Structures are given as C-alpha cells and as structure tokens.
Amino acid sequence: MNPYSILFVDDEEEVFRVILRKLDWENLGFSVANYAKNGQEALELAEEMQPDVVMTDIKMPYMDGLELGRRMKELCPQVKIVIFSGFDRFEYAREAIKLEVEEYILKPIDADELRGVFLRLRDKLDRERAEKRDIDKLHQDYMESLPVLQENFFISLIEGCIPPEAADRLLSSYQIDLPGPYYAVCLVHATAASPDLEMEPFLLAVSVKKLAEEQLVERWRGKVFTYLGNTVLIAQLTELTEVTSLTDSLDRFCRLARHLCGAAVTIGIGQVCDNLREFAAAYAGAADAVSCRVLYGNNRAINIAEVAPAEEADGDWDPKFLQQVFRQIKTGSREDLEQAVRRCVGQVSGQRTSLQKYRLFLMELLTEIFRFGSNNRLNMDKIWGESRDIYSEALQLESPEELEQWMLALCTKMQELMEQRRQSTTRSFVDKAEDHVREHYADQSLSVETVCRSLGVSTAYFSTVFKKETGKAFINYLTNYRMEQAVRLLLEGDEKTYVIAGKVGYSDPNYFSYVFKKRFGVSPTRYRAKERTKT
C-alpha cells in the first residue's frame, strides 16, 4: 500500500530538518512529500499534490498556521491538520478545535510523542481508505443503490423515451424531486488510474459513484445513477451562470476521485436546459464532451459549451449513422472518421435502393452536411471546392466505393477546418488573457478567478487551455510577468522597493521581496546594485 503523504510547513528550515530526523517515517507508513516555508507556498503545493497530512507551525510570515488550516480545509476537505507551536495559549487551542485539527503539539517536540501522533493518524487514515475501497461494502452499496423504478426513469429521460404528458405523473409516482429551474446532465467516465489497481471495472465505477453521492448530490441537488457502465449526474441550477461553478466543482471532484478511489475520471457537461424534454440532447452533449478528453486530457471536467461550437436544432431527417459522422468531424481522429463514413455509406449501399431513393438520400445528405457546416460556422465554399453543382457531381459517382471516398474528402475538409478554427479560437482566448495581465498586472486583486470572470469561462477550462497553449500555469505566468516589470522599474528609476512592490501588484513588500529573491536569487535592492555595477 502506498505511504500517506505529508506536507511540512515552517519558516525555519532547521526545525523541519530536526523533525525529519526524529522518526523513521517510512516504517510508520508515511512519506514526507514536500516542504513549504510559508502558508502561501503550502496552498500552492497542496492543490497539486493533495497531501494526506499537513503539519504546520503557527507563527509564520504572510499567513499563519491557523489561517492555513482554514484555507487547507476548503481546498482539501479530507486532509488531516497537525499543528505544532511554542505557544501554549488557550486562544490557539480553541481555534484549532474549531478547525477540527487532529493534533496540537507543543515545542520542543518529543520523538515518542510525535510517533504516537502519527500512529494514531495512520490508523485513522487506514480506516478511511479501507472504507472507500472495501470490495464487499462497494458490492453491497451497488446492490442497494437507487430504486429500480427511479433509475429506469432517469435512463428513459436521457434516452428521450418519456412522453411529455407522462413526466409529471411519473415524477410524483416515483417520488423524484426535480424543481430546477435549470438542469445540467453530466457524464462521469471512470477508468483505473494505474494498472496496479486490482479492482473490477464495475466496482471501480461503484466507488466513483458512491463518492459522487457523497460530494456532489447535496451541493447541486443532484440525481446520480448508472447508465451503460458510467455514472450520470443530473445537477440542478438556480441560475444559468452557475454552470461555470459547476464545471469547477466537478473538476475538483476528478482530482479527489483519483486520490481516494484510484480512478482516472473525466466528466462531460452537456448543454444546460430548462425542461425534461431536452435531457436526451443534453446527455448527447455530455457524451461529446467526454470524447473531447483526447484533446484536453482526462482527470478534469469538460463543458461542451466551452469546447465545441453551438449547434442549432437538427432538422426532421436525423439518421443516427450520419450523426456519428458529425461527431467524429468534431472530436474524432482521421481513422474514426473513416470508419463512421464507411458505416454511413454502408447503410445505403447495403440495401436494394431505387435510383429515386438514392437521389433523395443524396439530397438529404448534402442538406444535412450544409446545415452542420453552417451551424458550426464553417466556410462551405472551402468545403465544396470549385464545384458549382455539388449534387450533380455526386450523382456522377459510379460505385459505393467512390461515394465513400467522395464523402470522406468532404468530411475531412470539415474536420480540418474545425481543428484550425479551434486552434485559432484557443490562441485568441489565451492572447486575451495575456493582454488582461499586461493591462492589470498592477491590480493586487488580479487572479485566475478575475480573469475568468472577464472572459466568461470557468477556471477549470481556462487553466487547462492556458497551460496547454503557454506551457505554464496562469499563476506562474502572472508572477513571471510581474517580476519582469519589477526588474524594469528597479533599473529605470530609484524608487523604493515597497513602492515598486505596489506598482507590480503586491500589497506586502516583504512577500514581494521573498518572491523576487526566489526568482532571481538576490533581494531587489542587491539586484539593482549588482546590475548597475555592471554598467
């Protein structure tokens, strides 16, 4: 079993080294995963590593241990907090109790006392992990999941099989509460994060489903059920704008599921709707979003409204095989598109079709291709090429093989144009974010949240796209840009360090100096003197 990870936080590195030497951490079942010199650093590290235990001093610069404990519980609700301090004050102990701190240790720390603390922590963590991964309990939970009638109702909803006139009666009969007024259908796709995880796929799905019930149902008034081996969440929203908060919430859930269940989870979020009749289309959008993991990676939530062009309602003719072609145009590979086109043409060529029906098929096929391209804002002149009469050109094809190649050529052009536009849109999106930083870097409240509000997107989607395009996390990009401006101000004038700190977005001059030294190896004052000596 993997050891439990510990994040140590203390502004005196020597104290950390002493504690490190006091125990055989590996034999205790723990791994000292990282060390931070202050609370701000600890929060940044915790978001990435999701530690099991945080052991922190109280008195530290920039953020004390109690404030770190509050923020850490918000960021990582499952984390265990251990506080050590040289201050035996009732106020500190009382605040620690409010924070549900596991242990409060007074300095100097005794080795036997420290061993006892971490033995108790290990027992508690073992019980929690066993509860999450106990195969027999998961199987029992699976058998005792949502009543069959409720689950069948939800499945019928996303399959579009509930007549509108019967919906209210069935909701009442099955005691299902769906007041809305807005709904988001979310598809939770889970696979084992590691091949070493010895758990049947259906039990892994149950584990993730149970975690979703614990973490998401109350917050989003959610309904959770199983469909085709995956978990589906129906989230209820009060306002349309809540979908960005939902996306961020589900993105955090993906990381938590990997940590607790050993699952790689991707969650697709369909178009928000306001009535039960639209659930089938919303589920299809969620499935499309999950398919986009090949573009954006797994272990995250993907909102279809953020990654795919909006489409208007389909026409009366909506054969499923053609919709598969359109789906592969949007998110599939060239090989997947070839297979979808082959199946599409095979639906016609495999039957005894009259010339009249074949002509009707071509007319409807071209109509749907044109509608799809227009709805997705593609330049259809580039798709058709130099042909003035695309219908006549299609009628001149002499075999199913030629029809397949002709249709594949059209669809490949559409796939390439959509990819080019997606890349252009993403680059434009990142350019706007970088422009926003250049214009507002001096604003002390500038953060990933304020940029996302300006752009109108969720932080989960923004962070993924920004890092993919720039190779840097947004907070690192912002810090680097502020440091570049700080260097410019240091070398161009004689302003005091605290003045420059305020001009580049830091309210605390001491923290500004700390970040500057971490980046350049010397304090701002010494950097200025050193560079001017060179000239």
Side-chain angles (χ1 to χ4, degrees), residues 268 281 284-285 287-296 302 304 306-428 468:
D288 283 345
V290 169
S291 298
C292 289
R293 67 187 185 279
V294 68
L295 299 174
Y296 298 98
I302 303 174
I304 192 64
E306 294 179 334
V307 301
E311 293 185 48
E312 299 175 1
D314 294 327
D316 294 335
W317 186 66
D318 186 25
K320 292 183 179 179
F321 58 84
L322 185 55
Q323 292 307 314
Q324 287 295 323
V325 171
F326 292 155
R327 176 174 295 187
Q328 298 307 326
I329 288 175
K330 290 195 288 187
T331 62
S333 64
R334 173 60 186 267
E335 292 74 19
D336 292 335
L337 178 59
E338 289 178 359
Q339 293 180 10
V341 169
R342 187 173 299 112
R343 287 193 296 267
C344 178
V345 174
Q347 293 289 329
V348 178
S349 63
Q351 304 175 12
R352 295 183 177 180
T353 305
S354 65
L355 181 59
Q356 182 179 4
K357 288 185 178 181
Y358 176 72
R359 288 175 175 174
L360 180 61
F361 162 76
L362 284 181
M363 291 177 63
E364 292 176 333
L365 174 68
L366 292 172
T367 299
E368 287 304 306
I369 289 177
F370 184 85
R371 178 180 286 117
F372 174 83
S374 299
N375 289 343
N376 286 280
R377 302 185 298 280
L378 298 178
N379 186 338
M380 296 309 295
D381 289 337
K382 291 184 178 180
I383 304 298
W384 304 136
E386 298 179 354
S387 176
R388 296 183 179 180
D389 188 346
I390 194 71
Y391 177 67
S392 297
E393 178 181 308
L395 284 177
Q396 295 175 8
L397 300 171
E398 297 181 357
S399 68
E401 290 75 18
E402 288 188 13
L403 173 62
E404 180 180 320
Q405 292 302 314
W406 173 81
M407 183 176 174
L408 179 61
L410 289 180
C411 294
T412 300
K413 290 180 183 178
M414 298 176 79
Q415 187 182 54
E416 292 171 351
L417 285 177
M418 290 198 74
E419 177 60 24
Q420 291 171 9
R421 193 186 66 193
R422 184 184 295 111
Q423 293 176 353
S424 175
T425 301
T426 300
R427 187 62 250 177
S428 174
K468 181 180 178 182

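Since the structure is predicted, the reported quantities are computational estimates derived from the model, not experimental observations. Excluded from the calculations below are hydrogen atoms, water molecules and symmetry mates; all remaining heavy atoms, backbone and side chain alike, are included.
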Notebook entry, point to check: Going by heavy atoms in the side chains, are Trp406 and Ile390 under 4.5 Å from each other?
Noted result: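 Yes, close enough: below the 4.5 Å cut-off.
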
How many angstroms lie between [atom1] in [X] and [atom2] in [Y], if you round to the nearest 0.5 Å?
{"X": "Gln405", "Y": "Leu410", "atom1": "CD", "atom2": "CG", "value": "11.5 Å"}
{"X": "Leu322", "Y": "Phe372", "atom1": "CG", "atom2": "CZ", "value": "9.0 Å"}
{"X": "Leu403", "Y": "Cys344", "atom1": "CG", "atom2": "SG", "value": "8.0 Å"}
{"X": "Leu337", "Y": "Arg334", "atom1": "CG", "atom2": "CZ", "value": "7.0 Å"}
{"X": "Arg342", "Y": "Leu408", "atom1": "CZ", "atom2": "CG", "value": "8.5 Å"}

Kindly give the heavy-atom pair with the smallest separation between [X] and [Y], and that separation in Å.
{"X": "Gly268", "Y": "Ala289", "answer": "CA-CB, 3.6 Å"}
{"X": "Ile329", "Y": "Gln415", "answer": "O-CG, 3.5 Å"}
{"X": "Arg327", "Y": "Ala284", "answer": "NH2-O, 3.9 Å"}

Next item on the list: List for me each residue that meets side-chain contact (heavy atoms from CB on, under 4.5 Å) alongside Ala340, sequence neighbours excluded, and say none if there are none.
Entry: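 Listed in chain order: Val325, Gln328, Arg343.
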
Next item on the list: Quick one: list whatever passes salt bridge (charged side-chain N to carboxylate O under 4.0 Å, His left out) with Glu416, sequence neighbours left out.
Entry: none

